[in-house]
Every structure is written in C-alpha cells, then in structure tokens.
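For the numbers below, each heavy atom of this structure counts, side chains included, while hydrogens, waters and symmetry mates do not. We count ligands from 1, going down the list as the structure has it; atoms in each ligand are counted the same way.
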Amino acid sequence: MALAPNVYDAEPIPDQARAEIDRLMQSGDLFRYTAPADAPVALLEREFADMMGVKYALAVSSCSAALFLSLRALDLAPGANVLIPAFTFAAVPSAIVHAGCQPVLVEVAENYRIDMRDFAAKLPGAAAVIISHMRGHTSDMDAIMALCDAAGVPVIEDAAHSLGTLWHGEKIGTIGKIGCFSFQSYKLINAGEGGILITDDADLAARAVIMSGAYEHNWKKHKGPDGQNDPELTEAFARWQNELPLYNMRLQNLSAAVIRPQLDEVPRRVRDGRANHDYVAAALNSSPWLDVPPPLAPETRAPDSIQFNLVGFETDDEARAFAQAAEARGVKVQVFGLSTDNARAFWNWRFIPGETPDLPQTRAMLMRACDVRLPARLKRPELDFIAGALIAAADDVKGEARRYGT
Ligand SMILES: *Cc1c(COP(=O)(O)O)cnc(C)c1O
C-alpha cells in the first residue's frame with residue numbers, strides 16, 4: 001500500500017535566500033532601520049506593494065500584528081464594535097480585543113462564507129469590519145462593499161490565507177481599505193512568522209508605520225510608489241509625529257530575506273494549489289457523503305487546503321468516527337467543531353468580553369465541516385491517496401447504513 005503523504009512539511013526555501021542570509025550574517029545588519037536605504041524589509045515592502053498593485057505596504061511581525069495596527073490606524077473609539085465572521089482563527093477576535101474594541105460575530109453559512117442577512121442586520125452600530133477570508137474562502141465582496149460603503153464603515157480584509165485569490169479578477173486584499181497577509185509557515189509564503197499590510201491610503205499607512213515602531217524619523221525610510229518620496233505620505237508622517245504610541249511589531253531583515261525569493265513562487269503555488277484542490281474536490285463530490293461547496297461565481301481561488309462537509313452524518317459520534325476512519329487510512333482530518341479547544345470554534349473564544357453569542361448556523365456548520373491540508377507540492381498519486389482515503393472513510397461509517405437502506 002502507498003504511504004500516506006506528509007501534508008505538514010513545507011517546501012524548501014529558494015536557494016537565492018542563502019546568499020542574502022550569509023551577507024546579513026556577515027554584516028550583522030538585521031534591523032530594518034540601520035541601513036540608510038534599501039534594507040531587505042524595505043525592498044520586500046516595495047516588491048509586495050508592486051505585486052499587489054497598491055501604493056503602500058508595511059511588513060510586520062505577523063498577520064495578527066497587521067490586523068491590530070489596521071484597527072489602531074483607523075483610530076476607532078475604545079469599545080467600538082468590529083464585525084467579523086464567526087468562522088475564523090482566534091487571532092482575529094484577539095487582535096480586536098488587543099486594540100480595545102469589541103468583536104461582534106456574524107453568522108457563516110454552510111459554504112464557509114459570511115451570511116449576508118446576518119451581516120446586514122449587524123452592520124448598523126459597527127465602527128469597522130474585518131472580513132476574514134477564512135481558509136481562502138471569499139465572502140460576497142460585492143454585497144459587503146456596497147453595504148459598508150453606503151454606511152461609511154471601513155473594511156479590513158484578513159487575507160492571511162488568500163494571497164493569489166481573485167474576485168472579479170481583482171486581487172483579494174486590495175478591495176477593502178486595508179489588506180493583511182501572513183507569512184506564518186502554514187500560509188502560501190513561509191517565513192516561520194511575519195505579516196504585511198497594504199493600503200492606498202497615505203494617512204492609514206503613516207499611522208500604521210509609526211505605531212509599528214518607526215520611532216523618531218525612521219519613517220523617512222518608508223517611500224511611496226516606485227520607491228520615490230511621496231508628498232502625501234510625508235505630510236501624513238508630519239501630522240502624526242510624536243502623536244502615536246509605538247507597539248514595536250517590526251519585521252527583521254532575515255525574515256525579509258526568506259520571503260523575497262518566494263514572491264516569484266506565488267504564481268506556481270497558486271496554480272498548482274488550485275489544480276490540486278479542484279482535482280480532490282471533484283473526487284470527494286462523487287461520494288454521496290461528502291460535499292465540497294463551490295466557489296462563488298466572481299471568485300478564483302488559491303487554496304492550499306480543502307474543506308468539505310459531511311452529508312447525512314446525523315450524530316457527532318458518526319462525524320468523529322469518520323475522522324478516526326480517515327486517520328486509520330493515513331489522512332488526518334480536523335472536524336472544526338469536534339476537536340477539543342479548537343481555535344477556530346467561536347465558543348472557545350472566551351476572552352471576548354460579554355456572553356458567547358448563540359450562532360446556530362455557524363455552530364451546525366462547524367460540527368460537520370472538515371479540514372485537510374493540501375499543499376501545492378503534492379502530486380497526483382498523493383492526491384489520489386488522500387481522496388481515496390476520505391471517500392473510503394465515509395463509506396466505512398455510512399456505507400453499511402446505505403447498503404441496508406436505513
Ligand atoms: C493564520 C491566520 C491568521 C494569523 O496569522 P499570523 O501571521 O499567524 O498572525 C489570521 N487570520 C487567518 C484567516 C489566518 O489563517
């Protein structure tokens with residue numbers, strides 16, 4: 001029997017990173033603000049902004065830091081309500097609590113995307129919205145932007161898992177006022193840790209840069225498009241000089257050296273990740289017990305994992321039995337709502353002030369939604385192994401019942 005593929009190992013970091021890391025080790029120049037210009041972090045910011053087609057990028061220590069700084073840059077009142085989908089990673093409501101605001105959870109549908117009825121109902125009274133494109137699933141950005149623009153509510157996109165995803169051909173992360181990405185190891189670009197925020201708004205960029213730790217006049221090393229001085233940005237820096245706290249969430253040069261050569265890999269990883277995902281999705285959808293929700297029409301996805309729902313699994317025990325059967329066949333499945341202390345189950349976010357809201361739709365989804373990693377480097381035999389194991393595991397639990405017509 002074929003060996004189960006390892007879905008946790010990362011791809012090797014491109015060789016070009018070595019020479020740059022060696023150079024940095026030789027010079028000891030690891031702090032982004034030591035060199036007068038062109039520090040690796042500054043070059044990363046320029047390259048990322050160009051890749052995304054935006055004016056400004058700020059590299060920081062994590063996507064969580066980027067979300068936190070985005071909220072602080074928006075200058076929200078203490079305790080202000082910030083809407084988020086109830087299906088996301090615990091770091092997202094955590095960033096809101098850290099920024100002194102109140103997360104308000106919005107129901108998510110069976111297809112993992114924001115329920116627009118609940119969103120519209122909860123939008124009045126919100127000071128900002130974070131759209132977490134959880135596991136790279138894009139919510140209806142047309143409807144969200146129409147509602148938020150009409151209400152004058154700023155949108156932050158948590159695109160931690162959406163690098164390379166398109167919406168009507170537009171890059172996810174560039175649709176809201178600010179987009180935030182992660183370079184943590186389980187994302188498309190792997191630096192162990194790291195994050196970046198992008199925006200076209202000079203005032204927000206300046207505020208975020210200063211609060212990220214550009215003390216004194218270090219902001220002078222942040223440029224506009226084409227690496228040029230940007231009058232709008234310079235004016236904004238002058239406005240905020242000495243007015244803002246420093247949270248010191250900077251990225252260091254070694255991380256930038258690891259990230260920069262991976263930018264060229266993005267198109268290949270996106271293409272292979274999508275092909276792998278769609279191949280496994282078609283196989284899983286051939287089972288009556290498994291359902292992979294389709295993307296929304298305007299969405300071109302860039303997945304590095306697959307999510308699917310268990311169909312006709314009446315009890316939590318049946319769903320658990322599926323996960324056990326899959327593991328016995330060599331594939332580890334996470335049913336989001338069924339593993340103890342899962343960081344993606346909203347009832348475990350007890351650090352949010354106030355009562356845990358009742359969100360029956362999201363809860364029901366989490367109890368049957370499964371998660372399997374599917375890195376872009378996997379090849380057909382490995383994909384066949386994974387799809388085969390999942391289909392067989394569903395049959396292990398449900399096949400008997402079907403054969404006997406119960
Ligand atoms: C990984 C992730 C984060 C957090 O990213 P970090 O860089 O680890 O802080 C936030 N949101 C989503 C949707 C994620 O997948």
Side-chain angles (χ1 to χ4, degrees), residues 8 10 41 44 48 57-72 82-99 103 105-106 108 112-114 128-139 141 144 155-165 172-173 175-176 178-198 208 212 247-252 255-256 258-259 262 269 273 277 299 301-307 334 336 342-346 348-349 351-352 362 365-366 369 371-375:
Y8 292 96
V41 177
L44 164 65
F48 197 87
L58 170 65
V60 290
S61 50
S62 68
C63 180
S64 301
L67 292 168
F68 165 79
L69 289 169
S70 301
L71 293 166
R72 296 291 295 118
V82 178
L83 297 197
I84 54 168
F87 176 43
T88 184
F89 185 60
V92 178
S94 302
I96 297 171
V97 170
H98 192 195
L105 309 186
V106 178
V108 168
Y112 321 127
R113 289 153 177 96
I114 290 171
V129 163
I130 296 182
I131 301 300
S132 204
H133 303 295
M134 184 54 173
R135 286 293 189 271
H137 297 286
T138 313
S139 288
M141 291 306 289
I144 288 166
V155 173
I156 300 167
E157 287 183 84
D158 167 16
H161 242 135
S162 291
L163 186 56
T165 303
I172 281 296
I175 296 172
I178 306 180
C180 300
F181 297 84
S182 175
F183 302 127
Q184 184 268 340
S185 287
Y186 290 164
K187 317 295 160 123
L188 201 81
I189 291 180
N190 164 27
E193 305 286 355
I196 198 162
L197 72 81
I198 58 172
S212 77
Y247 296 106
N248 285 13
M249 295 171 152
R250 295 174 300 253
L251 196 74
Q252 61 139 322
S255 303
V258 170
I259 294 164
Q262 292 184 63
R269 290 180 188 173
H277 174 278
E299 189 183 5
R301 302 198 60 226
D304 59 5
S305 64
I306 189 163
Q307 289 71 46
Q334 154 175 256
F336 290 105
N342 194 299
R344 298 148 203 91
F346 65 86
N348 289 326
W349 306 338
F351 53 85
I352 297 180
T362 307
M365 178 276 284
L366 289 168
D371 187 32
V372 173
R373 287 178 52 75
L374 214 56

I'd like the atom pairs linking ligand 1 to the protein - N or O on both sides, separation under 3.5 Å - with distances to 0.1 Å.
unit_1: ligand 1; atom_1: 7 (O); unit_2: Cys63; atom_2: N; d: 2.8
unit_1: ligand 1; atom_1: 7 (O); unit_2: Ser182; atom_2: OG; d: 2.7
unit_1: ligand 1; atom_1: 9 (O); unit_2: Cys63; atom_2: N; d: 3.4
unit_1: ligand 1; atom_1: 9 (O); unit_2: Ser64; atom_2: N; d: 2.9
unit_1: ligand 1; atom_1: 9 (O); unit_2: Ser64; atom_2: OG; d: 2.6
unit_1: ligand 1; atom_1: 11 (N); unit_2: Asp158; atom_2: OD1; d: 3.3
unit_1: ligand 1; atom_1: 11 (N); unit_2: Asp158; atom_2: OD2; d: 2.7
unit_1: ligand 1; atom_1: 15 (O); unit_2: His161; atom_2: ND1; d: 3.2
unit_1: ligand 1; atom_1: 15 (O); unit_2: Lys187; atom_2: NZ; d: 2.6

Inset, instruction - Please identify each residue that fulfils side chain to side chain contact (heavy atoms under 4.5 Å, CB included) with Ser305, with sequence neighbours left out. - result: Arg135, Gln307, Asp371
Legend entry - With sequence neighbours excluded, residues passing side chain to side chain contact (heavy atoms under 4.5 Å, CB included) with Gln262: Ile13, Pro14, Ile189, Asn190, Val258, Arg269
Inset, instruction - With His133 as reference, evaluate Arg301, Glu157, Glu299 under the side-chain hydrogen bond (donor to acceptor under 3.5 Å, both in side chains) test and give the passing residue. - result: Glu157
Legend entry - Side-chain (Ser139) to main-chain (Ile114) donor-acceptor, under 3.5 angstrom: yes
Legend entry - Spatial distance of atom CD1 (Ile130) from atom CG (Leu83) [nearest 0.5 Å]: 10.0 Å
Inset, instruction - Name all residues meeting the side chain to side chain contact (heavy atoms under 4.5 Å, CB included) criterion together with Ala65; count only those two or more places apart in sequence or in a different chain, and write none if there are none. - result: Val60, Ser61, Ser62, Met249
